Amino acid sequence: MVLFAVEALWLIVFSRFPMIFDEAYHFELIQFFSHRLNPIVLHEPASLYNAGAVAHSPSILYYYVLGFPFRIFEQITMTLSAQVIFLRVLNLLCALGTLFLLRKILLLVRVPRALAQAVVVLFAFTPLYTTLSAQINYDNGMLLALCVTAYVALRFDLALRAKRMPFGLLTAVMVCCLLGSLVKYTFLPIGCAVFVTVAWRMLATWKDTPGGWPAALRTSFFAVSMRARMWCVAALVLAGSLFTFFYGYNLVVFHNPVPQCNQILSVKDCSNYAPWERDYTLEQAQLKDTKPHALDVISYTYVWLKTQVYQLYAGVGPATTRLIIPSGFYAVLATFTVLGAACCIAAGREVLKRWPAFKLLAGVSAAYLASLWARNFHDYLRFNQPVGVQGRYLLPVLMFVYAFAGVCAYQLYENSEHKHAVLQWLRPAAATIAIAAFVYFGGYVQYSSISSPVAMWQHMISSVTLKTLPY
């Protein structure tokens, strides 16, 4: 974690790849919410139309929370570069919290300590994650929310296996699912998967007991103190009310949990929002000149996965920047991918029996991955062009894929007759890989790549103007 923090801090201050991942967009929304005490936006000012339809947008919690420290820092300095660096540091703290909780999750499910640390290091030095952690982006908040939710859900699952139903943990699981969906709308399938898994485990645990799970829930509710009950109920009411207001209201009024910009604002107003303008232009062109889709489901899935993997491990800069990635790196990546897949096939079933907690993580990953692919494929059918396919959207799944592949490899190692010989070279090899990843991704790729001077964040940051209008 120390190497990761040093590398990310270096990127935060001296990065030549700034304002990627729509960083200026997120900065502006944090600035907007820093002038508000109420997270609910009913009337959007015209000065914010370039950020799309903020009113009734469910993805507000990241901006609202970061708005509080930002309003304090704003009183210290009005220097734009200092404010951006400050918010980047807060995002780095989110990334470090994600790594810390990922390790806690792996140790909770009884993964060997050395293996848990190796998985954390591998995920931390995934090229795109290192860059993302040094940027202002709500994906950092979503990854943190995912790890918090997974951690409390696994703790509750372990309690169920011991025939206990702690009301506080159940409340924490539900609140995390509700509030996580307000960090970013793509958290919805994760929250649904956790909720369904927990509900199914509750039914399975208490199905043979008198009164079933309702009786167990009633007992656990009255087992805690009155003050704890009040706090739990208050948290559920608050989280449930916010979730219902945004997603429930949107479903009833707009028939869409995440309404399109033109369902809230006019087409003219939405044209100020670049992503919506792109989609609108593509849709109009498709309506005028209907062409058959060049890719079927299988072909699209191949292109989709190839694009995602490239961006995860190579596309760590903006589209205008050409990065120097040696072909040998792809050979190493392909080798590790094939070996990881082989380990999962060989020991996957045995691992799920020995570490049943991975069933919950697998369910969450599958639900998220399926919803992500379905959304992207729907957009392809609508525009006849792949849009919104970005490698960073695979990060919520990638951390658990690394963990599962690592545990499968460990299981094969445990079953091996030559495991002591393997252990002799495994530790120095892991240390060498960690140091090489730090040097390579923290130095060579980021600073020896070919990039235009206009990509310097010191230049691009000037495009963001401090808002002095009353919000």
Side-chain angles (χ1 to χ4, degrees), residues 1 4 93-124 126 129 141-180 183 187 190-202 204-205 220 224 232 343-344 347-368 395-411 413-414 430:
M1 283 193 186
F4 173 78
L93 294 178
C94 288
L96 290 172
T98 298
L99 296 178
F100 174 78
L101 284 172
L102 176 59
R103 183 174 179 273
K104 294 277 287 184
I105 289 170
L106 297 178
L107 294 179
L108 184 66
V109 299
R110 301 187 184 280
V111 170
R113 187 175 296 273
L115 178 59
Q117 190 64 36
V119 171
V120 171
V121 169
L122 183 61
F123 182 69
T126 298
Y129 185 68
M142 178 187 166
L143 289 170
L144 181 60
L146 168 61
C147 284
V148 171
T149 304
Y151 180 71
V152 296
L154 287 171
R155 284 191 59 188
F156 183 72
D157 182 68
L158 291 175
L160 288 179
R161 295 181 188 279
K163 282 287 186 176
R164 294 185 295 108
M165 187 183 290
F167 183 73
L169 273 179
L170 178 59
T171 302
V173 171
M174 297 179 67
V175 169
C176 286
C177 290
L178 294 172
L179 294 183
V183 174
F187 191 91
I190 295 174
C192 291
V194 170
F195 181 81
V196 170
T197 303
V198 167
W200 178 81
R201 289 284 298 120
M202 287 173 58
T205 301
S220 66
V224 299
C232 289
C343 291
C344 292
R349 182 174 297 182
E350 189 175 357
V351 165
L352 290 177
K353 291 180 180 179
R354 183 177 175 182
W355 288 278
F358 271 101
K359 294 179 182 179
L360 186 147
L361 301 179
V364 167
S365 301
Y368 175 79
L395 288 174
V397 175
L398 191 66
M399 66 173 78
F400 299 136
V401 170
Y402 282 169
F404 186 71
V407 172
C408 289
Y410 174 79
Q411 184 62 41
Y413 159 77
E414 283 284 289

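Note that these values count all heavy atoms, side chains included, but never hydrogens, waters or copies made by symmetry. Fair warning: this is a prediction, and the values are worked out from it, not measured in the lab.
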Donor-acceptor contacts under 3.5 Å from residues 358-367 side chains, at least two apart:
unit_1	atom_1	unit_2	atom_2	d
Ser365	OG	Leu361	O	2.9

- Task: Answer whether the closest heavy-atom distance between the side chains of Val148 and Tyr151 falls below 4.5 Å.
- Result: no
- Item | Nearest-0.5 Å distance that lies between atom OG in Ser220 and atom CG in Leu170 | 7.0 Å
- Task: First locate atom CD1 of Ile105, then atom CG of Leu154, and finally report the distance between them rounded to the nearest 0.5 Å.
- Result: 6.5 Å
- Atom pair CE/OG1 of Met165 and Thr205 - distance to nearest 0.5 Å: 7.5 Å
- Message: Using the side chain to side chain contact (heavy atoms under 4.5 Å, CB included) definition, which of the options Leu169, Leu108, Val109 pairs with Leu158?
- Response: Leu108
- Side-chain heavy atoms of Cys177 within contact of Thr149, under 4.5 Å: yes
- Step-by-step side chain to side chain contact (heavy atoms under 4.5 Å, CB included) determination, Arg113 to Arg103: CA-CA 9 Å; Arg113 187 175 296 273; Arg103 183 174 179 273; 3.1 Å; yes
- Task: With sequence neighbours excluded, tell me which residues meet side chain to side chain contact (heavy atoms under 4.5 Å, CB included) with Ala116.
- Result: Leu106, Leu107, Val111
- Quick one: closest heavy-atom pair of Leu102 and Cys147, and the distance? N-SG, 4.4 Å
For residues 396-408, dump all side-chain donor-acceptor pairs below 3.5 Å to protein atoms at least two apart in sequence or in another chain.
unit_1	atom_1	unit_2	atom_2	d
Tyr402	OH	Thr126	OG1	3.1
Tyr402	OH	Tyr313	OH	2.7

- Query: Heavy-atom distance under 4.5 Å between the side chains of Val183 and Leu179, does that happen here?
  - Reply: no
- Residues which pass side chain to side chain contact (heavy atoms under 4.5 Å, CB included) with Pro356, listed by chain and number, not counting sequence neighbours: Arg161
- Item | side chain to side chain contact (heavy atoms under 4.5 Å, CB included) evaluation trace for Phe100 with Val120 | CA-CA 8 Å; Phe100 174 78; Val120 171; over 6 Å; no
Report, one line per pair, each donor and acceptor closer than 3.5 Å where one atom sits in a side chain of residues 191-202; sequence neighbours left out.
unit_1	atom_1	unit_2	atom_2	d
Thr197	OG1	Ala193	O	2.7
Arg201	NE	Asp157	OD1	2.7

- Item | Which residues share a side-chain hydrogen bond (donor to acceptor under 3.5 Å, both in side chains) with Arg349, sequence neighbours left out | none
- Query: Heavy atoms, side chains only, cut-off 4.5 Å: are Thr98 and Tyr129 in contact?
  - Reply: yes
- Write down the atom of Tyr410, the atom of Pro112, and the distance for their closest heavy-atom approach. CZ-CG, 3.3 Å
- Item | Heavy-atom pair of closest approach, residues Leu144 and Cys94 | CD1-O, 4.0 Å
- Answer yes or no: does atom NZ of Lys353 have more than 12 heavy-atom neighbours from other residues, nucleotides or ligands under 6.0 Å? no
